[in-house]
Amino acid sequence: RWQKIFMIPLWSKMAVFWNKMFLTIIVLLIVLFLDAVREVRKYSAVHVNEKAANVNTNAFDHIQMKLFRSQRNLYLSGFSLFLWLVLRRTVTLLTQLAKGMASHAALETQVNDATEAAKKYMAENERLQE
C-alpha cells in the first residue's frame, strides 16, 4: 500500500525540491557554525586586565555576555548541524533498507514461482515417462 502511495509522480518532483532545500539548510547551518566559531574566537581573545576591569565593570560584563551568546550560538548551530546530518544519514539508510526489502520480496516471489514451475515440469516429466 505504501509503495503505491509513494510511487505517485508528485513525490518524485517534491523529492528534487526537498533535496535542494536540504542542501540549502546544510549550507546555512555551516555558515552559522563558522560565524559562531569566529565570534567565540573574537571574544575569547579579549583580555581585560584587573585594573581596567575595576575601572569599568560594565565593559567586562558586556564582553562576558557577548562571549556567552557566541558560545551558545556555537553549541546550537553545531548540534543542529550534527543532528541534521544524522537525520539525513538515517533517512538514507531507511530508504536503502526499504529498497532492499522490496527487491528481496520481489526476488522471493520470483524464486517461489520458479520453484513451483520446476515442480510442475518435473511432475509432468515423470508423468510423461510413465
Not counting sequence neighbours, which residues clear side-chain contact (heavy atoms from CB on, under 4.5 Å) with E126? List them please. none
Side chain to side chain contact (heavy atoms under 4.5 Å, CB included) between T24 and L28, worked out: CA-CA 6 Å; T24 304; L28 179 67; 5.6 Å; no
My understanding is that only residues two or more places apart in sequence, or in another chain, count here; which of them pass side-chain contact (heavy atoms from CB on, under 4.5 Å) with R89? T92, L93
Decide yes or no for I26 and L81: does some side-chain heavy atom of the first lie under 4.5 Å from some side-chain heavy atom of the second? yes
Is there a path of hydrophobic side-chain contacts, each under 4.5 Å between heavy atoms of I/L/V/M/F/W/Y residues, joining L29 to L87? yes
Do N73 and L32 come within less than 4.5 Å of each other through their side chains, counting heavy atoms only? no
Cluster check L128, M122: I/L/V/M/F/W/Y, side chain < 4.5 angstrom: no
Qualifying residues under ring-ring contact (aromatic ring centres under 6.0 Å, His included), relative to W18, sequence neighbours excluded: none
Should L85 and L23 be counted in the same cluster of Ile, Leu, Val, Met, Phe, Trp and Tyr side chains packed under 4.5 Å apart? yes
ILVMFWY network linking F82 to I30, side-chain heavy atoms under 4.5 angstrom: no
Under 3.5 Å, side-chain donor or acceptor atoms of residues 61-69 against the rest of the protein: list the pairs with distances, not counting sequence neighbours.
none

Gap separating the CZ atom of R127 from the CG atom of N125, nearest 0.5 angstrom: 10.5 Å
What pairs with N19 under side chain to side chain donor-acceptor pair (under 3.5 Å), at least two apart in sequence or on another chain? R88
So, for F33 and S77, which heavy atoms are closest and what is the spacing to 0.1 Å? CA-OG, 3.4 Å
Does V91 share a hydrophobic cluster with V86, counting links as ILVMFWY side-chain heavy atoms below 4.5 Å and allowing steps through other members? no
Determine, stepwise, if the pair K42 / E39 fulfils salt bridge (Lys or Arg N to Asp or Glu O under 4.0 Å). CA-CA 5 Å; K42 180 169 78 173; E39 289 288 317; 3.5 Å; yes
For E116, is there an ion pair with K119 - N to carboxylate O distance below 4.0 angstrom? no
For R72, enumerate each residue passing the side chain to side chain donor-acceptor pair (under 3.5 Å) test, keeping only those at least two apart in sequence or located in another chain. none
